[in-house]
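Below is one structure; the comments refer to it alone.
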Amino acid sequence: MASKAGRFRVMASLTTCAGALFEDQVFKFDWSRSLVGVPLAGQFWDTPRGQSNFILRTKNRVLASLDSDSGKILWRHVLDDDADELLDLRTTPKLVQAVSWHRESAFLTFRAWHPTTAALKQETTAPLPPGTRVDLAFIHEDEVNALTLADSGSVTVQVLNWRHGSPVRTVTLTSGSGQPLRCIRTPDVLVCLSVSSAMLYYTPLPISPKAAFTAVALDKIGLPVGARPLALQTVPGSSGLAQIAYQRQDREESWLLKFDQGKLKGGLSLITGCEHTSDILRLEQACANAECSTFKPSVKVTKLRDFTQNVHEMSFQFSQDVGRLVQAWGACEEDERGSAIFQLVLLTSDGSLTSLTPLGNQMWTREEALASIDKVELVATGLDSGSMEDEGPFQNEATDLVQQFAKRIRHHLALIQSTISHFLELNDWRNVFSGNQDKQLDDFGIRKVILAVCDEGKIFGLDNKNGEVLWNVVYPNVVGEKSYLFIQRTAMHFGTEPMASLIFRNRYSQKFQLLTLDPLSGAILSWEDLKHPVDQAVLLHQHDDKFIRPVLVISKNQVDVVPSSAKASVIKYAEKTFIATKDPQTNDIQGQKLLVNPNGFLVLRPIWSLANPGTEVRKFVGKSTEEDVHSQGRVMADRSVLFKYVNPNLALIISEGTDAAGKLFINVYLVDMVTGRLIFSANHKRVTGPYHVVHSENWAVYTYYNEKSRRAELTSLELFEGNEQTNATVFSSVSDVISPLVERQAFILGPSHISALRDTRTEKGITTKHILMATKTGLVYDIPRQFLDPRRPNMNTPPEMREPGIPPYIPELQLPQEMIINYNQTVGVPRGIITAPTGLESTSVVFVYGLDLYCTRVAPSKGFDLLKDDFDYYVIASVLLALIMASFITKRLSQRKALKQAWK
Amino acid sequence: MSQSSHSMSRMGGPGGGGGRWKWSLDFNTGRGGRGGGSGSASELSSPPGYSVSNAQQAAEVYRTADKGLKVKRSWDLALGPIKQVPMNLFIMYMSGNTISIFPIMMVIMMAIRPLKTLFTVNATFKNFDANDSPTSHLGQKFVFVLGNLANVALAMYKCHGMGLLPTHASDWLAFADPIERVEWAYVGM
């Protein structure tokens, strides 16, 4: 048995070793981009050799050091645990100190790193009483102050020793405002703001046992009448400054506070201190509206001494829309002649970092919004020759035959034109034969535009070839939660532009809005408010006469069609359209049918519901509507067919609950969404999330964490009809009476934390599927599906009983290193994987996103329709040429010989 | 058979016909010595072993045996394919059921050869009588076709044994179209 296992292991490693990469192939088909996330705070730090680093902490729980000359990442630390929160960062000449707070286990961690080598110097854990909440923590001298902001308006400060983490004292500061405060610290003062009562409270640092707040009303210190305070902000790099952002007449302004001293106001201005000097930098952004979403905004930077004396002035214009200035960090120096030398790093509301010189030149930029991608889609560019899609049934109604013919001719003319221009652009003919084959590969539809919507309200179009930002637009009020991104029209329809639509809730108005844009160029096509709050939005499969796939926007008791012109096509299919939703209140799954009521409105009528008492639905995954199942069965060893149970309306539900012993369990259901028929159910005890599901064809795969065995496990389900097929042409859930055979098997995964799971997708679905699995450690595995086959036979099964191509079952899933598609390009904190088919049946484009981005392509059945990457064109061509020449020469020779013979 | 009997009758010639000693050289047979004209031809002695009477007699024999021999010959030809069957069976048994180039080539030859001959049945039997109508030798032709068909069947059986015949549902699976769906259900999450 052991030897068999060994043999299998060898076999398993052999089958995959061809998937590995050669050294010269690195970054040939893939690219990666390392990010740090949108900064929360930063500090300049000068190395002993005089180089300047910019050390920052970000929203993505990252502590990083950037080279402030180039913007490159020097080192980066990511906090492992999702519950860990990075609260403060301080740089000293020899250390980078950070305080992090673990939400769930209620302890503070003090860590210190070496600023250049990033080596961990110190790690101290300070447990706090269970149930404690820490909202703010900062390091002051050798003490860590952990603040809990109570709803009553009081602030509890727990002071701990930096070295040992032992509690020093606990001080409670009361404000009596009755409202929770917002607090920040300046180097020497703790400042708190009560937004509702417009009062300011402050106390000097360190907080002594007898410390108390000094209260000041905002209007007393000169805040304009009618101003509504919004937030209290620090002034980085300054000594003793803070600013209050307030809103007045649709404008956001800020007020500078220097305690007992100066005050300063401007338009929408931002103040930053100059490190190393007592000067400050004032930044003013010219804004047209409250959101500051102008095209190419400009910033005026003024260096001030003693708040009044203007030392240096410059202005800078961004090359693109970046939103509003959020934060700025400056490092100043004074040279002998007294002229200003400073470096400025600007953070704008779109999450990008821009570094400026005193002359107003841009040193570097970083697009950090990409570290928090919320919704992403891969859009085909439609530049390949075979991209004209079948025009579908609606074509006849809209255009006649002549028009169709003319359209096709125009399409081909356009293709010829683009081919000619492509060749004219090639100034170096050597590129055609050697090295740069990327242009040729466009013919296969591998080029995609990665359409990414980020949490910062920025929408990107990235090139999947090299990660280049093709375009970006800023919508600061696009909010992440409850947003939907759909590709309504692809680029495959000649004469119409592709169309992507984003439905989201406006951050300010809380209204739902619809943004339609061209994913290839980033051009905004339309922008409208939706009438009703959106509960669900669903992209339908059929398209109308303009090839737009309609989106059903479901509100409480209203079903709208977007765009409204596509309503006719929705009504046409209404009879066959079913939607299953999760009721957010009762947690039931409800199946509904789309109906047209006598008034001509679309309504949903509930037809079935699935109650989950005591459990909460965590995953509800249907099959992709674009998926074709090209093989209807599996061939057995005896050459009979085991027909797949391919029910396209099947959904997999994972609901989580707590049992009597207080342990988590999950129920897994397979439900027909049309009839509500329960096909399969299973129960896993003592398991927790994260749950990931891949549901495709006739199989499903889901992962969970087994708490009892402390390991991640994967369960594979596969459904079969049997040896007979009831209906080979049409599947209807209503007339479906098949009770499928459900094969299932569980596997033990090596990596303990799975971040994302996805299947590969190909054009026709003929290529075997692989499962892509990203782990928290940043590895992306490419697992052949036959390894996860639930029909893997027992080890003791005699060879003649085994099915070809299915390895025997071993509980541990062997994941050799060659399966890692991102080799040594670790993807920091992956959160999702998205795949898209290409024009080549063998190839699928993979985009992994998280803190870092990684894009590559995989060929699950090897590149059966592609020449090998190292295909020797020279040898083949020269051999062919030599053969042709040889044939000519021998022909000539033989002719001569024949002539001579004739003369003899 | 007829050929050998014919030569046998010729062999009997010199013993019975000429009473002369085995060989003789006639130096007078020069061109000048002859008178020329038609009479000189009859003076030529017959080549050794040739007897005019015997030749006539043999032709008689041949003509009388012709009918029965033809039938016999044609039956031989008709039965040829069937006689090959045991040999083919043996070859099939020896070559085994593995899919490799030689068994496949063998099977193809086994199938192609009888098929080819099936198209040239009339031509095969033409040699026996140029004047005969195609309907002659019907029985032989029938048996001949049957034998060839048996060989083809044998080749098919071998193909089947090797699993080369698309006789299972699995062989047609790749040609099945994707199943159309009637209802469209969507997950709203």
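Hydrogens, waters and symmetry mates are skipped; everything else that's a heavy atom, side chains included, is used. Proteins get letters first, then strands, A, B, ... in listed order; numbering begins at 1 in each. Predicted model, so just to flag it, every value in this text is computed and none were measured.
Within residues 151-167 of chain B, the residues approaching chain A closer than 4.5 Å by heavy atoms are, in numerical order, B:Gly163, B:Leu165.
A:Ala728 touches chain B through its backbone: at least one of N, CA, C or O sits under 4.5 Å from a heavy atom, while the side chain does not. Only the backbone of A:Asp638 comes within less than 4.5 Å of a heavy atom in chain B; its side chain stays farther off. With a threshold of 4.5 angstrom between heavy atoms, A:Thr729 approaches chain B through N, CA, C or O but not through any side-chain atom. Of the two parts of B:Ala169, the backbone and the side chain both hold a non-hydrogen atom closer than 4.5 Å to a non-hydrogen atom of chain A. Proximity to chain B (any heavy atom under 4.5 Å) is restricted, for A:Gln725, to the side chain, taken from C-beta onward.
With chain B as the partner, the residue from A:Pro648, A:Gly591, A:Ala537, A:Ser733 showing the most heavy-atom pairs under 4.5 Å is A:Pro648. When each of A:Val734, A:Ile589, A:Ile554, A:Val646 is checked for heavy-atom pairs under 4.5 Å with chain B, A:Val734 comes out on top. Among A:Leu540, A:Asp535, A:Val538, the residue making the largest number of heavy-atom pairs under 4.5 Å with chain B is A:Leu540. Your options are A:Gln632, A:Lys582, A:Lys623, and the one with the most heavy-atom pairs under 4.5 Å with chain B is A:Gln632. Counting heavy-atom pairs closer than 4.5 Å to chain B, the top-ranked of the candidates A:Ser735, A:Gly633, A:Gly765, A:Ala651 is A:Gly633.
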Next item on the list: Please lay out, stage by stage, how A:His541 and A:Tyr573 fare under the test ring pair (Phe, Tyr, Trp, His ring centres under 6.0 Å).
Entry: CA-CA 10 Å; A:His541 76 285; A:Tyr573 279 89; 5.3 Å; yes

Next item on the list: Assess whether side chain to side chain contact (heavy atoms under 4.5 Å, CB included) is satisfied between A:Tyr691 and A:Glu656, documenting all intermediate values.
Entry: CA-CA 10 Å; A:Tyr691 310 110; A:Glu656 187 187 67; 2.5 Å; yes

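In terms of heavy atoms, B:Trp184 sits closest to A:Thr625 at CZ3-O, 4.0 Å.
Salt bridge annotation for A:Glu627-A:Lys769: present, with a cationic side-chain nitrogen under 4.0 angstrom from a carboxylate oxygen. Taking a cutoff of 4.0 Å between a charged side-chain nitrogen and a carboxylate oxygen, A:Arg791 and A:Glu803 qualify as a salt bridge. We find that A:Asp736 and A:Arg677 are joined by a salt bridge, their nearest charged nitrogen and carboxylate oxygen being less than 4.0 Å apart.
Note that CG of A:Leu610 and CG of A:Asp583 are 12.5 Å apart. Values are rounded to the nearest 0.5 Å. Annotation: the span from A:Asn647 atom CG to A:Ile679 atom CD1 amounts to 6.0 Å, rounded to 0.5 Å.
For the pair B:Arg73 and B:Trp75, the cation does not sit on the ring face, since its NZ or CZ is not both under 6.0 Å from the ring centre and inside 45° of the axis. Annotation: cation-pi pair A:Arg634/A:Phe643 absent, no NZ/CZ under 6.0 Å from the ring centroid and within 45° of its normal.
Using cut-offs of 30° and 60° on the angle between ring planes, the pair A:Tyr484 and A:Phe486 is parallel.
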